[in-house]
Structure formats: C-alpha cells, structure tokens
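To start, the structure itself, in structure tokens.
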Number of protein chains: 2
Amino acid sequence: MSPRQIEVSEPRQVGITELVLRDAHQSLMATRMAMEDMIDACADIDAAGYWSVECWGGATYDACIRFLNEDPWQRLRTFRELLPNSRLQMLLRGQNLLGYRHYNDEVVDRFVDKSAENGMDVFRVFDAMNDPRNLEHAMAAVKKAGKHAQGTICYTISPVHTTEGYVKLAGQLLDMGADSIAFKDMAALLKPQPAYDIVKGIKDTYGSDVQINVHCHSTTGVTQVSLMKAIEAGADVVDTAVSSMSLGPGHNPTESVVEMLEGTGYTTGLDLDRVLKIRDHFKKIRPKYADFESKTLVDTNIFKSQIPGGMLSNMESQLRAQGAEARIDEVMNMVPVCRKDAGYPPLVTPSSQIVGTQAVFNVLMGPYKVMTGEFADMMLGYYGASPAERNPEIIKQAAAQAKKDPIDVRPADLLEPEWDKLVSEASALQGFDGTEEDVLTYALFPGVASTFFENRSKGPKSVAKSEAQLKAEAEGKASTALNGPITYSVTVNGASHTVAVEPA
Amino acid sequence: MSPRQIEVSEPRQVGITELVLRDAHQSLMATRMAMEDMIDACADIDAAGYWSVECWGGATYDACIRFLNEDPWQRLRTFRELLPNSRLQMLLRGQNLLGYRHYNDEVVDRFVDKSAENGMDVFRVFDAMNDPRNLEHAMAAVKKAGKHAQGTICYTISPVHTTEGYVKLAGQLLDMGADSIAFKDMAALLKPQPAYDIVKGIKDTYGSDVQINVHCHSTTGVTQVSLMKAIEAGADVVDTAVSSMSLGPGHNPTESVVEMLEGTGYTTGLDLDRVLKIRDHFKKIRPKYADFESKTLVDTNIFKSQIPGGMLSNMESQLRAQGAEARIDEVMNMVPVCRKDAGYPPLVTPSSQIVGTQAVFNVLMGPYKVMTGEFADMMLGYYGASPAERNPEIIKQAAAQAKKDPIDVRPADLLEPEWDKLVSEASALQGFDGTEEDVLTYALFPGVASTFFENRSKGPKSVAKSEAQLKAEAEGKASTALNGPITYSVTVNGASHTVAVEPA
C-alpha cells in the first residue's frame with residue numbers, strides 16, 4: 001500500500017449510499033421485492049443520514065411491470081413522498097435508459113425529464129462499453145433538468161485496463177459536466193490496491209474537490225477492504241446495503257462499514273439506531289424471497305476465470321442444450337479470445353452474454369463460422385467504441401455475415417426520431433393512460449408494457465412467500481404440506497383401495 | 001489511520017493459518033464435523049503452503065467423545081499422518097487444558113507432552129481472564145517439549161482495556177518465552193484502527209522480529225479490514241478459513257485474503273489452485289451439517305450491547321424459564337454492572353456465562369441477593385486475576401455467601417497433586433485402554449469419558465446428514481416425505497382397521 005494516506009485532525013465525513021431499495025434486492029433476489037415490503041422502512045431510511053438512497057432504475061423498472069404488476073412511476077412517486085429529506089438515486093444505462101437498445105436522443109431527454117419531475121435527484125449514468133459518447137446525452141439531459149449527473153465508470157480487468165486509463169476516463173466524464181464520478185464494480189473485481197490507486201489518481205489529477213463515489217459488490221469477499229482503501233485515498237461516498245440485505249452477490253453491510261471507521265480519521269455520521277431498525281425490518285422480509293436467492297456467499301473464481309458467475313451458468317445451459325456439457329473447458333478458454341477480438345469490453349450485461357454466446361458458437365461450430373447478430377454488432381461498433389482495437393479480420397467477417405458496415409460514430413447518431421411513432425403505438429394499447437410516462441414504459445419494454453397496461457388496474461401483486469408459508473416451512477412441513485387432494489393406494493384388511501385425501 | 005505504513009520493495013510474506021479443520025466447524029456447526037469429512041482434503045491442505053493448520057483442541061476434544069464416539073488422540077495421530085509437511089496447531093485453554101476447571105501442573109505437563117508426542121507442533125495458549133499466570137505453566141511445558149509456544153491475548157473492549165495494556169501483556173508473554181504472540185478476537189470486536197495500533201505497538205516496543213499472529217472471527221463484518229490493517233502494521237500470520245467454510249460466526253475467507261493482497265507489498269505465497277480444491281471439498285460437506293448452523297451472516301449488535309450473541313440467547317432462555325422474558329432489557333443493562341464489579345473480564349466462555357447468569361439473578365432476585373458459585377469464585381480470584389480491580393463490597397458478599405476467602409495467588413497453586421488419583425479412577429472404567437491419553441480424557445471430561453470408553457469399540461459415528469437425505473430435501477421431500485408403506489390403526493365409526501398407506 002502506498003504510505004501517502006491523508007492525515008486529518010477532524011474526522012472526515014464519508015457519505016453512504018444505501019442500496020437496500022434497489023441494487024441489494026436486484027442482486028440478492030432477482031429484483032423481486034414488492035413495494036409493500038419496503039414502505040415501512042422508509043421513515044428510518046429517510047432519517048438515518050445517508051448521502052443518497054438508491055431506489056429506482058437498473059432492473060427495477062422491468063421487474064415492476066414484468067413480475068409485480070406495479071407501475072414503476074408510481075413506485076418512484078411513492079418513494080419521493082416517503083423519503084422527503086433524502087436524495088433519491090437511480091441507475092441509468094446511458095443511451096439505453098433502462099432498456100436493452102439505444103434510444104433516440106429525444107426519448108432520452110423525455111425519460112430524464114420525467115424521472116426528475118417525478119422526484120429523482122441523482123442519476124448514476126453508465127455504459128457497458130465505457131464509451132463516454134453513450135453517456136453524453138443522458139448526462140446533458142440531467143444537467144439541464146437541474147439534477148445531479150454522476151458520470152460512471154465500469155471497473156474491469158484486462159491487459160489494456162490501467163489506473164491511468166481509468167483516471168483519463170474520469171477526466172472525460174468531468175469534461176462533460178459530471179457532478180461526481182462513480183466507480184462501479186459490479187463483479188466485485190476491485191481489489192484494495194487498485195481501489196486506492198485509482199481514487200488517488202483521480203483526486204491528484206483533477207483536484208481533491210472532485211466527488212468520487214465507490215460502488216462494489218461483495219461476491220469475492222475482498223471489497224470491504226477496497227472500500228477502506230478507497231476512503232483512505234479520498235473517496236467521498238461509498239455504497240453499502242443494510243446488513244440483513246447484504247453479502248453474497250450483494251454488497252458490503254452498512255453497519256460494518258460504519259463500525260470499521262471508528263477511531264480512524266473518517267466517520268459516516270450515520271444514525272446507527274435508525275440503521276438497526278432498517279436492518280430489523282428487512283431481516284423479517286428477506287426470508288420471504290428465499291426462493292430467488294443464490295446460495296453462494298463468497299466466490300473468488302472470477303479473479304482466475306475472468307468469467308462472472310451468471311455468464312458461466314448461461315454458457316453451461318447453452319452447452320447442455322446441445323448435449324455438449326463436456327466442452328465447458330474449451331468454452332472457458334475461448335472467452336478470453338472472443339473478448340480480445342472484441343477489444344476487451346467489460347464483461348457485464350449485455351456484453352457478457354454477447355461474448356459468452358459467441359464463445360459457445362466458436363467451440364461448437366468452429367471459430368466465427370457462425371456469428372450472432374449481437375456479436376457482429378459489437379464488432380462493427382453498434383454498441384459503441386471498445387476499450388481496445390478490435391480484431392480487423394473478425395470485423396471483416398462480421399460485416400460480411402451481418403451485411404452491415406462498421407461504424408465509428410456514436411451509435412445513437414444513426415437513429416431516426418422515434419417519439420411520435422412511440423406515442424401513436426402506445427396510444428393504441430388497451431389500458432394506456434395517456435401519460436408520457438406510459439409512452440416511456442412502452443418505449444422501454446414494448447411487449448411487456450402491453451400486458452402490463454391491460455392488467456394494471458388489478459394492482460400490484462407480490463411474488464413473496466406469505467407469513468403462513470414461512471411458518472409452515474419453519475415447522476418442517478415445507479412444500480410437502482397437504483394442500484390439494486393427494487391420491488394414495490391404501491390396503492385395508494388385505495383389500496386395496498385408491499383413496500384421495502384433502503384437508504376437510 | 002496512521003500514515004506510518006511499512007514500505008517494502010519486495011512483497012513481504014504473510015503466513016496463513018487455515019482454520020477449517022478446527023475453529024471453522026466449531027464456530028459454524030457446533031464442532032460436529034466428523035473426521036471422515038476432513039480426510040479427503042488433507043493432501044491439498046498439506047501442500048497449499050499454510051504457515052500452520054489448526055486442527056485440534058478448543059472444543060473438538062469434547063465434541064469427539066461426546067457426540068462422535070471418536071478418540072481425539074486418534075484424530076490427532078491421523079492428522080499427523082495425513083499432514084506430514086504441515087505445522088499442526090491447537091488451541092489450549094492454559095491451566096484449564098481443554099476442560100472447564102484448573103488442573104494441577106503435573107496434569108498440564110502430561111497433557112502437553114502427550115500432545116507433542118502424538119504430533120502437535122504449535123500450541124496456542126490462552127486464558128479467558130488474560131491472567132498470564134494461568135498460561136505460564138502450559139507455556140513452559142510446551143517449551144520443554146521443544147514445540148512452538150504461542151502466547152495468546154484475548155481481545156475485548158472496556159474502559160480499562162487500552163492499546164498500551166495489550167502491548168504490556170504481550171511483553172509479559174514474551175518474558176515467559178513465547179515463540180510468538182497471538183491476538184485472539186473471538187467476538188469479532190477488533191476494528192481496523194486498534195488492530196493497526198496494537199500490532200504496531202508490539203512491534204515498535206519489542207522489535208520487528210517478534211512474530212504476531214492475528215485471529216479474528218467475521219461475525220461483525222469488519223474484521224477482514226482489520227486483518228488488512230494488522231498486516232500493514234506488521235502482523236506476520238493471519239487466520240482464515242477456506243471460503244466454503246467461512247463467514248457468519250466463523251472467519252474471513254482464505255481466498256479473499258489471498259486476493260486482497262494482490263498488488264500490495266504483501267503476499268501469502270499460498271497455492272491458490274490447492275486452496276480452491278479444499279474449497280470444493282468442503283462446499284460438498286457443509287450442507288450435511290446445516291442443522292447445526294446459525295442463520296446469522298453479519299451482526300454488529302455486540303459493538304453496542306457488548307454482549308456476544310451466544311450469551312444473549314443464554315440469558316433469554318434463563319428468563320423464559322422463569323416466565324420473565326419481558327425483563328431482558330433490565331438484564332442487558334445489568335450485564336455491564338456485573339462485568340464492572342468483576343473487574344472487566346473479557347466476555348468469552350466461561351466468563352460470559354458466569355457474568356450473564358449473575359445479571360439474570362440480580363434482576364430476578366435483587367442485586368447479589370443470590371450469587372452463583374461461579375460468580376463468587378470469579379469475585380474471589382479463583383479464575384485468576386481480573387483486568388481491573390473488583391468491587392470490594394461484592395467481594396465481601398461473595399466470601400460470605402461462598403464461605404471462602406479471596407485469593408491472589410495463581411489458582412492452580414492451591415491444587416493438590418491429582419495424577420495418581422486420576423489414573424486409579426480411570427483404570428476402574430470399563431473400556432479404559434491403559435494409556436496415559438485415556439487418563440487425560442478421563443481427567444478432562446470424567447462423565448463423558450466413561451460412556452465413551454464403554455462405546456469406543458463401536459467406532460466413530462457421524463451426526464451429518466447423508467447424501468440421500470440431502471437429495472430428498474433438495475427435491476422438496478424433506479423429512480415429511482412418504483417413502484415406504486406406513487401402517488396406521490384407523491378407527492371409523494367405532495370399528496378399528498389396520499391400514500397400510502404408500503404412494504400410488
């Protein structure tokens with residue numbers, strides 16, 4: 001470790017972003033938490049003294065309409081009402097907004113405006129390729145709406161990713177007016193030393209008043225130490241989740257981060273009594289979603305394989321579908337090849353799926369004999385610029401197979417205006433409520449939106465287990481409890497009968 | 001944090017003590033792991049490059065004879081055989097050995113000699129009161145046997161516990177010939193700043209060549225950071241458990257500690273491929289013991305209440321037995337009073353039970369109206385010296401109630417020779433095999449030993465779930481599944497029938 005730690009006489013205040021209302025349940029329980037399970041914690045969250053409360057964006061919008069029959073805009077307005085003293089924070093995928101394609105700039109403007117209008121304060125804007133051009137328009141829209149634009153860097157490891165490169169990228173985001181820089185370590189790859197070096201590098205280069213937020217998952221078990229080193233290097237805000245909704249694929253526990261700073265030159269200033277109430281609330285909630293949880297507590301495999309857990313299971317199921325499970329080692333060796341050919345994109349949704357699927361194709365059918373449309377698009381620049389040069393030979397093959405030319409402009413520059421078309425298509429749907437918010441829902445998830453509009457009036461539904469189910473399970477009855485009629489073969493005094501049994 | 005970090009040009013090697021074979025399963029699954037579930041991991045453990053392998057002592061001896069019908073000495077010999085290249089390490093409760101009373105010095109000598117003879121290398125010797133006199137004889141015995149005597153300090157927090165005090169205590173242990181100093185943080189109370197300060201203090205005061213080992217549990221979620229800061233301050237060895245047997249009431253994950261040091265001035269030198277094989281082995285084993293696991297992943301309560309989790313549940317069940325559950329808050333306020341009166345002992349077995357039970361008595365019957373024999377003994381010095389002065393008024397009451405005088409000598413100085421008596425009592429037991437090891441087993445756990453000797457020839461039994469049970473549970477059948485025909489006596493309208501039922 002560098003000995004150049006900051007000496008302080010008064011403890012320096014380190015802000016905390018609480019993740020429990022968004023990324024914590026997205027990471028731990030597939031974004032399934034119903035609003036009704038969050039409401040009772042809001043008063044304590046609002047009073048605990050967080051720098052911000054992440055509560056919207058990411059996969060929550062999709063999950064709301066797909067699984068919970070809940071209007072995501074209503075969720076945002078409810079949070080605004082229940083958290084009047086908090087900065088609300090959301091995660092925004094740059095030009096993709098919360099969807100899975102690039103949108104025309106006007107759609108981006110309208111989405112950001114409506115989010116701000118409904119109560120959003122801090123927009124954490126990122127791009128899976130780390131192409132600043134994919135962030136630029138969304139950042140400008142946030143600034144124009146008078147809100148906090150947080151320029152975000154996805155952390156990854158590759159031969160072309162260096163401390164200097166990340167520091168330079170931070171500079172580009174600051175040049176486009178970022179109010180703060182977020183460092184987003186979605187795969188828990190950020191080790192203590194690079195955490196220290198990068199934060200220090202940004203502060204040294206652009207000034208100590210540049211606000212740096214650090215977001216780490218806890219999957220590999222190293223990142224709480226990374227948060228400590230980032231704080232020592234000058235990080236201003238770190239992300240945590242209350243302990244009862246922490247660890248595993250989630251995040252480091254809020255209380256532990258508060259406690260670890262005691263006696264150091266840093267303090268969070270959080271009201272720990274409030275935090276413990278929040279903990280107690282979610283301690284009761286979490287078991288209701290146990291079916292959505294993974295069993296992995298800590299896994300350092302990714303440091304060796306460079307392949308995130310979700311990506312590995314995807315590839316395995318693709319191989320299984322082809323009866324080729326035995327070839328997983330070949331595929332794992334192919335992933336670095338495909339990633340290098342594609343210019344070392346971070347492996348995060350959607351790039352992880354795109355690279356992983358191509359690796360499977362390469363092993364099953366020979367290198368690039370068949371290219372997926374998405375991999376071809378990535379090779380041709382339709383997801384944006386890659387961190388390093390892409391393999392020119394594979395670009396040629398991609399162009400031939402996809403019958404498209406490579407581009408080097410910002411992908412959204414090629415998009416036609418689409419707002420009017422989206423309005424007229426949305427308007428034709430049963431249950432459409434006439435608002436711009438509904439048009440945006442349609443724009444983001446056209447298929448799911450039409451079903452949601454139709455069913456919206458039935459109100460939110462929960463996919464959690466009920467108290468009664470939990471109680472039955474605790475008593476060991478589990479799923480074998482007698483619910484419906486069960487048919488037995490019963491032999492009475494030597495004679496056999498078929499008997500159906502159900503609760504009276 | 002102090003900026004006085006050690007600068008190194010070559011990475012400094014930090015040793016790792018692997019806990020999976022002892023403290024990990026003691027902390028996670030009530031010491032229930034059977035030898036058969038450890039054997040297959042030993043070749044990899046032996047080759048991974050650990051500084052030492054903790055595999056014996058603590059509660060394992062008791063658990064072997066009480067629950068597993070396994071001879072603890074045979075377990076030690078098996079480890080010696082399977083881990084020929086490793087330093088075997090044990091935890092020894094000073095003058096208590098592995099039992100719950102003070103033993104005469106001759107018994108201590110014989111126990112240490114036999115442990116060394118059967119293969120033990122590193123003796124981690126501690127005392128729950130941190131009274132060096134309770135360590136002294138065991139340490140001398142270890143030195144005499146030519147083995148590594150690790151003088152151990154239990155970490156706790158109180159108004160009288162200071163960095164300077166811990167540094168001084170380390171000096172006392174070094175004066176009695178300690179080959180290394182272990183810092184034992186059994187309640188996960190050790191925060192990063194004191195971890196740094198204490199290790200630095202010991203190194204600065206007694207020289208950088210004093211070996212310091214740091215043992216932390218992970219319960220509060222702060223101690224991996226503490227290990228990092230301890231290493232920065234010069235700690236030589238830290239304790240970890242392989243990730244598949246880590247976290248919660250256990251320890252920080254071995255792989256995560258290896259990975260967190262990458263790029264810093266420190267390295268463990270462990271063979272990570274071996275460690276991952278060890279992980280894979282125990283990943284399959286751990287679910288077999290799920291019934292013994294607590295559900296708590298991280299809990300910072302102890303920082304506020306000063307009451308370890310196990311102590312709290314003890315007090316709650318004592319109150320419940322008296323129909324006085326509602327008075328738990330009064331008891332929790334009484335604990336600090338009793339602890340102060342007793343001179344601020346660390347709260348660890350057995351002092352946590354002794355202090356907690358007295359607090360319950362005080363609340364139910366009035367302050368010190370009734371004193372437990374154990375609390376009176378503690379007040380009168382029969383557990384050794386306390387970290388601070390004890391309350392003279394309560395000492396008087398203890399003397400009156402227990403009809404004993406307070407002592408200030410080493411408690412074992414008052415013990416009569418007892419070896420010959422132990423030999424003759426053990427010899428009278430059915431199944432006694434005539435060895436000194438068996439006499440020691442009888443000395444430590446007289447009641448359990450007699451049952452064990454009688455049943456020993458039946459061989460070890462496992463309390464783990466079988467593969468078949470795990471499979472059935474995974475398929476949701478759990479213990480309520482109807483597998484074979486079950487015969488009922490059924491009375492319908494007054495007539496009795498014999499009915500056999502099985503799935504149709």
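Every value quoted in this text rests on a predicted model; they were computed, and no experiment measured them. So that the names make sense, note that chain A is the first sequence line, chain B the second, and so on, each numbered from 1.
- Here the CG-OG distance, from A:Leu297 to B:Ser243, works out to 9.0 Å after rounding to the nearest 0.5 Å.
- Contacts of B:Leu276 with chain A are made by side-chain atoms alone, with heavy-atom separations under 4.5 Å and no backbone atom involved.
- For residues 257-270 of chain B, every residue pair satisfying the salt bridge (charged side-chain N to carboxylate O under 4.0 Å, His left out) rule, not counting sequence neighbours, is listed here: A:Lys191-B:Glu259, A:Lys191-B:Glu262.
- For A:Leu272, no part lies under 4.5 angstrom from a heavy atom of chain B.
- Separation of atoms CD (A:Gln193) and CE (B:Met260) is listed at 12.0 Å; rounding is to 0.5 Å.
- By a heavy-atom distance cut of under 4.5 Å, B:Thr220, B:Gly221, B:Val222, B:Gln224 are the residues of residues 216-224 of chain B near chain A, going up by number.
- At a threshold of 4.5 Å between non-hydrogen side-chain atoms, the residues B:Asn301 and A:Arg279 count as touching.
- The side-chain contact (heavy atoms from CB on, under 4.5 Å) test with A:Pro253 is passed by exactly one of B:Asp299, B:Thr300, B:Val298: B:Val298.
- Heavy-atom contacts from other residues, nucleotides or ligands closer than 6.0 Å to NZ of A:Lys283 number 12 or fewer.
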